[in-house]
Every structure is written in structure tokens, then in C-alpha cells.
There are 2 protein chains.
Amino acid sequence: MAPTIRDVAKLANVAPSTVSAVLNDKRYIKAETRARILSAIQKLDYTPSRSARGLANRTSGNIGFIVANTHFSHAEPFYTRVFLGVEFEARHHDLYVLLTSVNGKAQKPEPMPRFLLEQNVDGVLIAGRVPDKLLKEVMQRKVPTVLVDYDGKACDCSKVLIDNEEGARAATAHLLDLGHRDIAFVGGEKDHPSAVERLRGYHQALATAKVAPSEELEVFEGDTMSTENGSKAFTRMWKSGTHPTAVVCANDATAFGVQLAAKELKLKLPEDLSLMGFDDVVMSGLVDPPLSTIRVDKEELGATALRVLVDRIRRGGGATTTRVGVELIQRGSTMPPREKKN
Amino acid sequence: MAPTIRDVAKLANVAPSTVSAVLNDKRYIKAETRARILSAIQKLDYTPSRSARGLANRTSGNIGFIVANTHFSHAEPFYTRVFLGVEFEARHHDLYVLLTSVNGKAQKPEPMPRFLLEQNVDGVLIAGRVPDKLLKEVMQRKVPTVLVDYDGKACDCSKVLIDNEEGARAATAHLLDLGHRDIAFVGGEKDHPSAVERLRGYHQALATAKVAPSEELEVFEGDTMSTENGSKAFTRMWKSGTHPTAVVCANDATAFGVQLAAKELKLKLPEDLSLMGFDDVVMSGLVDPPLSTIRVDKEELGATALRVLVDRIRRGGGATTTRVGVELIQRGSTMPPREKKN
DNA sequence: CTGTTAGCGCCTTCAG
DNA sequence: CTGAAGGCGCTAACAG
């Protein structure tokens with residue numbers, strides 16, 4: 001059916017291996033025969049078959065993208081955007097992206113993604129948190145791997161991360177600049193690497209401003225950074241008598257939770273409470289009041305990750321860590337605190 | 001490195017072809033030897049290589065997804081959702097999805113997607129409108145193809161379409177039920193197949209209610225169904241003296257355009273003007289007033305398309321057309337018309 | 001019911 | 001600088 005390398009060879013009066021050589025720039029070919037071959041290729045509209053090439057030189061032309069399904073529901077926009085960023089950048093490298101999602105918190109051991117079993121990828125991107133066990137098993141296969149937005153400890157592969165510390169510092173500094181002094185930090189899962197880094201940034205900003213931190217002002221709830229957990233954590237803090245004038249949230253989702261809880265508690269936003277998110281998902285610009293937040297360029301995150309991966313695949317080399325920058329987005333959820341009664 | 005079928009054969013004391021046979025359920029194998037083979041497979045943690053299998057039986061295990069980039073910008077949510085629906089369903093069929101976007105309206109001839117040139121897909125899904133030329137060229141390759149949400153005329157492949165006519169009829173009927181009689185239709189590109197069908201549904205509803213249609217009430221603008229074109233078309237109509245009490249839009253994007261234009265014209269929504277969209281993108285629930293619209297289940301659209309494609313690939317057969325249903329979503333942008341001055 | 005043989009289409013030695 | 005030969009891992013056809 002479709003022309004093969006032999007058809008081209010025959011038409012150009014050369015051996016298949018010579019055609020292969022010009023296809024892959026492998027050895028010097030006399031200009032004249034090269035031209036003859038190229039024209040034969042054009043005439044036949046020939047393109048090498050992916051499967052054949054893959055079998056011969058053990059390369060698939062694909063990369064795998066693994067993401068926890070808890071982070072990739074049809075609604076959740078964050079990793080969807082990261083994926084699209086990867087996908088888009090992949091085209092520039094003649095790579096396709098095979099997507100798979102795994103159960104983030106399932107008890108039963110996660111099966112290895114099929115594309116890895118079938119040796120159908122040249123490298124793997126792992127986005128967000130996935131079970132440590134899976135991480136280890138993927139590493140064992142010695143496939144080039146890059147972690148995206150998840151600082152899996154004891155995983156000595158390359159990582160592309162958000163500058164969480166800097167983002168949280170900026171968020172907190174913004175509130176301090178407005179005059180706030182009682183600033184809470186509301187998170188979900190406490191030991192999530194990103195949450196840890198963001199909390200650290202919050203602490204640094206407080207320290208720089210010589211504002212004493214306080215245990216009561218740092219609340220966490222549950223094992224994900226979700227709206228529900230944000231709501232619960234804030235409500236608990238508020239009802240226990242701790243009343244900050246501003247809140248830095250672990251991410252936008254928790255911020256929405258705080259927003260809901262605050263309304264429940266009859267607090268007026270932003271007058272009674274200023275709120276900072278983190279991520280800048282689409283929703284953030286659309287809630288009332290619109291959420292001030294730290295913007296993460298999700299497509300750029302994905303694109304960078306792909307570039308790092310390609311570099312590892314083609315050039316090899318050791319594990320690297322890259323941080324992508326963030327940007328403070330001031331919207332309507334932050335304002336100076338009310339006058340102090342005193 | 002990784003075990004091959006020969007390793008398995010050796011361990012199980014059989015020939016490679018026998019292993020292949022059990023792998024593919026190709027012929028009767030004595031229960032005992034089959035068991036021996038299976039246990040060898042397990043012991044070695046063997047999975048056939050995709051490339052090798054692909055070369056041997058000319059199948060890639062991939063399907064291609066082609067979409068016009070004008071419909072797949074990082075912001076546009078519609079086809080992104082369709083894609084995710086496809087992707088999700090594909091897992092149930094052990095298929096991966098290779099994505100590519102093409103220039104929708106470019107003048108220069110679109111190059112054939114690489115996955116087609118490399119014979120790296122078993123079938124193709126084409127989402128939304130793409131250049132006719134490309135459509136034809138894809139068809140010539142005789143790869144199983146399914147068109148999604150685009151009724152390319154003179155393209156005798158299978159199609160999975162939205163029930164546009166029914167949707168527009170329901171939208172219009174909803175406005176008629178509220179008491180509206182002067183109902184406009186605002187669209188972008190006039191000869192887009194979907195727009196044509198939606199206009200037809202609008203006409204049918206009017207006819208059923210014995211409301212005479214009017215040329216002035218049907219306006220189109222530009223060559224895409226965009227916010228901008230919706231805005232322009234409505235403004236033009238209004239300024240020319242045609243003042244409906246309600247508008248059925250070709251899709252949500254044009255509805256947003258009408259909404260903007262209406263505000264510009266100092267019309268209060270929905271009191272002065274009721275508005276119906278079509279698609280139900282995320283934004284629709286978040287604008288002010290929230291948009292009443294016709295919901296299309298985008299994931300389902302994608303999933304259905306994939307199933308139809310798989311059917312064509314595995315079972316063969318002729319071209320079919322499938323319509324996926326829609327649902328009226330009543331939000332805040334529709335209400336009865338003001339009392340008539342009379 | 002199972003083994004042998006011969007490719008699938010490409011790439012990579014190694015001679016010439 | 002080019003051609004011939006062999007193999008990547010799997011499946012298909014045909015014997016037995």
C-alpha cells in the first residue's frame with residue numbers, strides 16, 4: 001500500500017541503507033545521489049513508518065503524561081492546562097503525548113501505565129502528586145522522567161516546580177503592605193510539599209516584616225487542598241476565637257472555601273477579611289469578590305517540563321530542578337484592614 | 001533488556017508463535033500449555049512491545065484527534081472537553097489519542113498531520129470545522145474517520161453530531177412559552193452547518209407557534225461564531241430599528257457578544273431582552289445575568305465519537321450518523337417580556 | 001494442538 | 001561514498 005523505503009531505493013537506484021542514511025543524516029552522501037533520493041521520496045510521498053522505525057531503533061516518538069485523576073477531573077482546570085502546555089510544546093519536537101491518569105489516593109496498588117509496559121514512550125512526565133510507590137516503580141524502569149509541580153522527596157529525577165515559596169511570600173507581603181498584621185494561613189493537607197513551601201514563604205514574609213507568627217493562625221484540614229477543606233479549616237479557626245483580618249490560602253480552591261465559610265459567618269468581604277489565593281484558576285476572576293491570587297502560568301509550566309524532558313532524552317545528563325516564576329494578581333478580595341478599635 | 005516473546009517461549013518450553021497465539025486468542029491451546037505460558041509471562045513481567053506488534057500487524061493502538069486551532073485555543077473550553085471525553089473513553093479500548101490542531105482558516109494548504117503520514121493511527125476523529133481540502137485528503141487515505149460536531153457535506157464518513165435543530169427549537173419554544181413574540185436569531189458565520197441547523201430549529205418553533213418569521217430578525221456577521229461577531233450583528237440589527245424582546249443565539253459565545261452589546265445600548269437584561277445561548281460552556285453560568293442555554297454534554301459527545309470510531313475500525317461497516325441529545329438549561333437571562341404598550 | 005519459516009519496514013554494522 | 005546482510009520483536013502461514 002504505502003510506499004516503503006525499498007520503493008524509494010528502487011526508484012532512486014540506490015540501496016535502502018542509503019535512503020535511510022539521508023533520512024537520518026547519518027553519513028556523507030554524494031550531493032547528486034542525495035538529490036536523486038530526495039526527489040524519489042517526494043515523488044512517492046514517502047514517510048517512514050513509525051512502528052518500523054520504532055522497532056529498529058527502540059524509540060517511540062511518544063512521551064507519557066501521568067496525572068492523578070483527583071487532579072484531572074473533567075472540571076479541574078489546573079493540570080488540564082498543564083497538559084495542553086505540554087501537548088503544544090511537544091509538537092515542536094515531533095513528539096506525541098500519551099495521557100493516563102492514576103488513582104491518587106487508592107489503596108490498591110496502581111498498575112503501571114500501559115504505555116510504559118509496552119515500551120511505547122521515550123520519556124515520562126508526572127504531574128502533581130501520585131502515590132510514592134508508583135513513582136518508585138516508574139523510576140526503576142529507567143525511563144527519563146520529569147516531575148511537574150510535585151517535589152517527590154527521594155526521587156532523584158528532574159523536576160519542574162512552581163516557585164511556591166516566592167509566591168506565598170509575595171502574597172503575604174501584599175497583605176502586610178496593605179496594613180494587615182493578623183494574617184492567617186489556611187491549607188488542606190499539611191505535609192504536601194507545595195503546602196510546606198508556601199507556608200515557608202508565608203513565614204519568611206512575616207519575619208521580614210517583624211510580625212510574630214502564631215500557631216493559632218495556621219490551620220489545615222483533611223488530605224487535599226480542596227474547597228471543602230478550606231472551608232472547614234477556616235470555620236474551625238474562627239469559631240475557636242482566632243479572628244485574623246486577612247488570610248493567605250494554600251491555593252485558590254481553599255480560598256473559595258474560606259470565602260464560602262466567611263459568608264456563612266456573616267463576614268463581609270473584603271471589608272472584614274482580605275483573601276489571597278494561589279494558582280489563579282479561571283474561576284478566580286469570576287467569583288465575588290474576584291480573588292486576588294498568585295498566578296501560575298500553567299501552559300508555561302507544562303512547556304518547560306517538556307523541554308526539560310526532551311533535553312534529558314536527547315542529551316542525557318543528570319537530574320535538574322527548575323522553578324517557574326509566579327505573578328501577583330491583585331483583584332477585589334484584598335484591601336486594607338478596618339480601623340483598629342483602640 | 002526487557003523480556004521478549006522468545007524469553008517467554010524458552011521459559012515455557014514452547015515456540016514463540018504459541019506464546020503469540022495465547023496472547024491474541026488466536027487458536028486453541030491446550031489448557032496445560034496455556035497455563036505454563038501464562039505463568040512464564042507473569043514470572044518475567046512480560047508485555048509485548050507496541051512497535052513490534054504494530055509493525056507485524058499494521059496497527060498502532062492510537063487514534064488521531066484533529067481539531068482546528070481556532071477552536072482549541074488554550075481558553076476555548078468546548079473542544080477541550082470533547083477531547084477529554086475521547087481520551088477518557090479511549091482508555092476503555094486500550095487506545096491512546098494523538099492530538100493535532102490545524103489552521104482552520106489559513107490560506108496555505110494544511111500539511112497532513114504527521115501521525116497520518118507515519119501510519120501511526122488506526123483511525124481519526126475530526127472535531128469541528130476544518131478546511132474541506134484537508135477533509136478530502138484525509139478521506140483519500142482510507143483511514144477510518146469520524147467527524148465530530150461538523151457535518152461536512154459530501155464527506156461520506158461517519159458523523160457524530162449535536163442535535164442542533166432540536167436544541168434551537170427548544171430554545172425558541174422556551175422564549176415563546178414565556179410570552180415572547182419578537183424573537184431574533186443572532187449568528188456568526190451564516191453557512192456553517194451547525195448554524196444552519198440551529199436556524200432551522202428556530203424556524204420550526206416559530207412555525208409551530210404560528211409566529212411569522214422575519215428577515216430583519218435574522219442577523220449574521222463574519223465567518224466565525226464569536227463573541228465579537230455576535231456583538232456586531234446584534235448592534236447592527238438594533239440600530240437599524242429592529243427591536244426584538246428576545247434573542248436566540250447561534251452559540252454561547254455569540255450570546256456573550258449580544259450581552260455586551262445590549263449593555264452598551266443601555267438595555268437591561270433580562271428585563272429588556274431575554275437571551276438564549278447554545279453549548280453551555282463554563283462561562284455561561286458565571287456571567288451576569290447567568291445565561292439560559294442549551295446544554296451539550298461535551299464529554300459524552302467525545303466518548304460517543306470514539307465508540308463509533310472503534311466500531312468502524314474493528315467491525316467495519318458503512319457510514320453512520322449519530323445525534324447526541326441536548327438539554328434546556330434555564331438560568332437568569334430569560335424572563336417574560338415587559339407588558340406591551342397597547 | 002504446536003513448531004518452523006518467513007516476513008512486517010527500518011536501521012546498523014561491515015565490506016567493498 | 002555505497003551496497004549487502006542481518007536483526008529489532010512480533011505475527012501469520014503452513015506444515016506436521
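Order of the sequence lines fixes the chain letters, A, B, ..., with proteins taken first and strands second; residue numbering starts at 1 for each chain.
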Original post:
Dot-bracket, DNA chain D: Watson-Crick or G-U, under 3.5 angstrom, [ ] crossing, | other strand?
Top reply: |||||||||||.||||
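- One finds a side-chain N or O of Arg58(B) lying less than 4.0 angstrom from the OP1 or OP2 phosphate oxygen of dG9(C).
- Residue whose closest nucleotide on DNA chain C sits further toward the 5' end, between Pro3(A) and Arg27(A): Pro3(A).
- Between the side chain of Ser17(A) and the base of dA4(D), at least one donor-acceptor pair of N or O atoms lies under 3.5 Å.
- Backbone-only engagement by Asn13(B) is indicated by non-hydrogen atom pairs under 4.0 Å involving sugar-phosphate atoms exclusively.
- Residue contacts shown for Val14(B) are limited to sugar-phosphate atoms, with no base heavy atom under 4.0 Å away.
- Salt-bridge annotation for Asp122(A) and Arg58(A): absent, with no side-chain N of the basic residue lying under 4.0 Å from a carboxylate O of the acidic one.
- Atoms CD1 (Ile5(B)) and P (dC8(D)) sit 14 Å apart, rounded to a whole Å.
- Separating the CG atom of Leu44(B) from the P atom of dG9(D) is a distance of 14 Å, rounded to the nearest angstrom.
- Applying the 4.0 Å criterion to OP1 and OP2 of dT11(D), one finds that Asn24(B) has a side-chain N or O inside that range.
- In this structure, the nucleotide among dT2(D), dT11(D), dC8(D) sitting nearest to the side chain of Ile29(A) is dT2(D).
- Only one option out of Asp149(B), Thr145(B), Asp151(B) pairs with Lys159(B) in a side chain to side chain donor-acceptor pair (under 3.5 Å); it is Asp151(B).
- Using a 4.0 Å heavy-atom distance criterion, Thr33(B) is classed as a sugar-phosphate-only contact.
- In this structure, Ser49(B) does not reach the dG9(D) phosphate: none of its side-chain N or O atoms is under 4.0 Å from OP1 or OP2.
- Between Glu137(A) and Arg141(A) there is no salt bridge, since no side-chain N of the basic residue sits under 4.0 Å from a carboxylate O of the acidic one.
- Between Leu55(B) and Lys26(B), the residue whose closest nucleotide on DNA chain D is further toward the 5' end is Leu55(B).
- In this structure, Arg53(B) does not pair ionically with Glu118(A), as no charged nitrogen and carboxylate oxygen lie closer than 4.0 Å.
- Proximity of Arg53(B) to the phosphate of dG9(D): no side-chain N or O atom is located under 4.0 Å from OP1 or OP2.
- Side-chain atoms of Arg312(B) and Thr320(B) include no donor-acceptor pair closer than 3.5 Å.
- In this structure, Thr4(A) reaches the sugar-phosphate backbone alone: every heavy-atom distance under 4.0 Å involves primed, P, OP1 or OP2 atoms, never a base.
- Taking 4.0 angstrom as the limit, Arg6(A) places a side-chain polar atom (N or O) nearer than this to OP1 or OP2 of dC8(C).
- Among the nucleotides dT11(D), dC8(D), dT2(D), the one closest to the side chain of Ala56(A) is dC8(D).
- Under the 3.5 Å distance criterion, with hydrogens and angles disregarded, no donor-acceptor pair is assigned to the side chains of Arg50(B) and Ser60(B).
- At a threshold of 4.0 Å, the pair Lys133(B)-Glu110(B) does not count as salt-bridged, since none of the basic side-chain nitrogens sits closer than that to a carboxylate oxygen.
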